[in-house]
Participant: 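Here it is: the structure, laid out below.
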Amino acid sequence: MTQTRDRIAPSPTGPLHIGTARTALFNYLFARRTGGAFVLRLEDTDVARSTVAFESDILGGLHWLGIEWDEGPDAAAGPDRGPYAPYRQLQRMARHQAVAGELLAGDLAYPCYCTPAELEADRKAQEAAHQAPRYVGRCAQLTLEERAAKEAAGQRGALRFRVKPGVVTWNDLVRGDIEIDTANIGGDFVIVRSDGTPLYHFAVVVDDADMAMTHIIRGEDHISNTPKHILLFEALGFPLPAFGHLPLILNPDRTKMSKRKSQTAIADYIAQGFVREALVNYLALLGWSTGTEEEVLSLEELSGRFDLEHVQKGGAVFDRERLEWLNGQWIRRLDSDDLIARLEPFLQRELDAGRIDRLPDPDELRALLPIVQERLPRLDAIGDLVGFLWVDDLRPDPAVLVPKRWDAATTRDALAAARTTISDAIGAIDWEADELEPPLRALAEGRGWKAGDLFMAIRVAVTGRTATPPLFDTLVALGRDRTLARLERAVELLPAASEVPAP
RNA sequence: GCCCCCAUCGUCUAGAGGCCCAGGACGCCACCCUUUCAAGGUGGAGAUCACCGGUUCGAAUCCGGUUGGGGGUACCA
């Protein structure tokens with residue numbers, strides 16, 4: 001069997017979309033699994049909406065995910081790589097026009113001079129008559145003389161492909177046999193605009209054929225376009241690739257995932273601290289399964305297991321909760337250096353936003369990992385989790401400082417005692433978690449306090465929050481001086497017993 | 001409207017005639033661990049397999065219909 005070739009053909013008219021990323025992933029996995037080639041082609045024929053910035057976002061996003069292609073442009077506005085260059089549709093226009101010329105010469109296509117107003121009127125009439133909208137064929141039988149007259153009058157025709165009556169059938173890789181009567185595809189369709197630029201339906205077919213694609217794996221929204229493509233492949237005498245249509249990714253209300261109702265830009269997920277492994281893992285499992293009970297899988301592992309047989313037919317609702325769970329799973333699996341490096345931009349962001357006053361160095365971060373790694377659902381949670389370590393002026397809320405069962409005076413007393421206990425112990429103990437705990441427990445016991453209440457008061461005094469990593473590890477990370485200073489500050493924030501007005 | 005696709009716990013899914021009065025995961029609840037929060041462990045609630053009819057000794061699995069949902073209907077991609 002010859003090598004399989006498949007592709008992702010994004011259009012740089014928007015940022016990399018979750019759906020595009022998943023289609024790219026499935027094509028990538030299929031190519032890896034079958035030992036084939038995965039190609040990236042930019043469909044930039046919609047000049048009005050395409051931008052280099054979007055191109056950059058798309059290519060950058062796919063690189064970030066680790067979905068690498070064997071052929072195609074590697075960077076926005078960069079050079080192409082591969083035997084079928086160029087891989088930018090716009091640069092292939094001469095080829096498209098040449099092929100269109102063949103179709104015209106063979107009378108498989110014809111110029112159409114209908115105005116937008118005429119076409120609109122046709123559509124309205126059909127709608128009123130409860131008919132499927134289709135091109136009525138007004139220009140289908142124009143003689144050469146009639147065409148020449150219109151051209152002479154300055155009219156520029158769009159090129160329409162002649163759709164033959166009949167039924168188009170294909171065996172879809174994920175859905176099995178599908179047949180569609182060509183009477184239902186809207187009549188002769190435009191393949192080249194009146195300005196000479198090719199349309200999507202035409203350009204994809206020429207490019208897919210030129211680039212020797214064997215498998216077209218794309219979204220379900222293309223099912224009704226497939227007959228047009230097959231007709232074109234046949235008219236052009238190109239070998240027909242296999243088609244497979246993936247289920248759509250859905251909004252919670254089960255409509256096609258959209259920017260309006262869901263977060264769709266990959267860049268947003270990156271900015272929120274999702275890691276590539278989790279995103280890839282999650283996307284692979286949206287509409288596909290291993291057929292086993294494995295679910296935490298790397299790109300490598302997915303590449304070895306992927307198959308079209310286990311692709312689901314029904315659409316899949318995007319479930320952020322599950323993505324977050326997988327994200328936690330993968331963050332916990334990252335090795336120290338890797339995690340530290342990935343945390344860096346998020347810490348920088350905390351600094352830029354003024355939420356912390358300095359950046360920890362890698363070693364400081366490394367020491368923190370044992371208590372931080374399993375508590376991060378996303379990388380952007382680092383500030384919330386331990387940002388208090390890098391804040392100069394911590395001012396805990398006095399109301400939060402007082403444990404539930406205590407009053408302000410008791411808390412003040414306890415915090416002062418804790419400060420003394422710690423300060424007295426210095427020299428006798430090492431500043432380590434398991435050495436800090438016993439004296440403070442003894443203090444609580446001696447005063448008849450529940451250890452948990454004392455610890456909570458200390459926790460809030462030194463971190464400003466009630467939910468933190470383990471207390472004694474936190475004190476170690478904070479250091480002796482700052483621990484004592486923060487305890488002292490907290491005591492000052494609380495009224496002494498004599499200051500509390502009698503009830 | 002017309003054409004096409006789809007239909008298993010709230011969600012993602014396993015299941016390709018008997019192993020299923022349906023298994024796993026997320027989420028939820030409880031308990032354990034525990035100084036808080038996580039993580040982890042254990043257990044639980046949660047699906048008459050959309051509905052109706054057929055085929056069969058036997059159907060979530062095959063067939064037909066119904067209903068529901070979705071997608072497409074451009075000189076966008």
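We name chains A, B, ... by the order of the sequence lines, and we start the count at 1 in each one.
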Participant: Side chain of A/I180 only, heavy atoms from C-beta on: which candidate in B/C4, B/G1, B/G72 is closest?
Facilitator: B/C4
Participant: Looking at A/T468, I'd like to know whether one of its side-chain N or O atoms comes within less than 4.0 Å of OP1 or OP2 on B/U36.
Facilitator: no
Participant: Starting at the 5' end of RNA chain B and moving along, which residue's nearest nucleotide shows up first, A/L119 or A/V174?
Facilitator: A/V174
Participant: Given B/C4, B/A77, B/U35, which nucleotide is nearest the side-chain atoms of A/I223?
Facilitator: B/C4
Participant: Of all the nucleotides listed (B/C2, B/C75, B/G24), which has the minimum atom distance to the side chain of A/A132?
Facilitator: B/C2
Participant: Does any nucleotide pair with B/C31 by Watson-Crick or G-U wobble geometry, both distances under 3.5 Å, and what is it?
Facilitator: B/G41
Participant: Is a donor from one side chain sitting under 3.5 angstrom from an acceptor on the other, for A/Y87 and A/D207?
Facilitator: no
Participant: Indicate whether OP1 or OP2 belonging to B/U73 is found under 4.0 Å from a side-chain N or O atom of A/R123.
Facilitator: no
Participant: Which whole number of Å gives the distance between the C1' atom of B/G70 and that of B/A50?
Facilitator: 15 Å
Participant: Give a yes/no on whether any side-chain N or O of A/R49 is located under 4.0 angstrom from OP1 or OP2 of B/C76.
Facilitator: no
Participant: Checking contacts here: which listed nucleotide (B/G40, B/C75, B/C3) is nearest the side-chain heavy atoms of A/Q329?
Facilitator: B/G40
Participant: In whole angstrom, give me the gap between the C1' atoms of B/U8 and B/A16.
Facilitator: 14 Å
Participant: For the residue pair A/V311 and A/P247, what are the closest heavy atoms and their distance?
Facilitator: CG1-CD, 3.7 Å
Participant: Report the distance from atom OG of A/S289 to atom CZ of A/R305, rounding to the nearest 0.5 Å.
Facilitator: 12.0 Å
Participant: For the pair A/D380 and A/R378, find out whether any cationic side-chain nitrogen is under 4.0 Å from an anionic carboxylate oxygen.
Facilitator: yes
Participant: May I ask you to evaluate whether A/R254 reaches the phosphate of B/G68, defined as a side-chain N or O under 4.0 Å from OP1 or OP2?
Facilitator: no
Participant: Considering Watson-Crick and G-U wobble pairs with both distances under 3.5 Å, what does B/C26 pair with?
Facilitator: B/G10
Participant: Hunt down the Watson-Crick or G-U wobble partner of B/U73, both distances under 3.5 Å, from any strand shown, or write none.
Facilitator: B/G1
Participant: Picking from B/G1, B/C4, B/A39, which would you name as closest to the side chain of A/I178?
Facilitator: B/C4
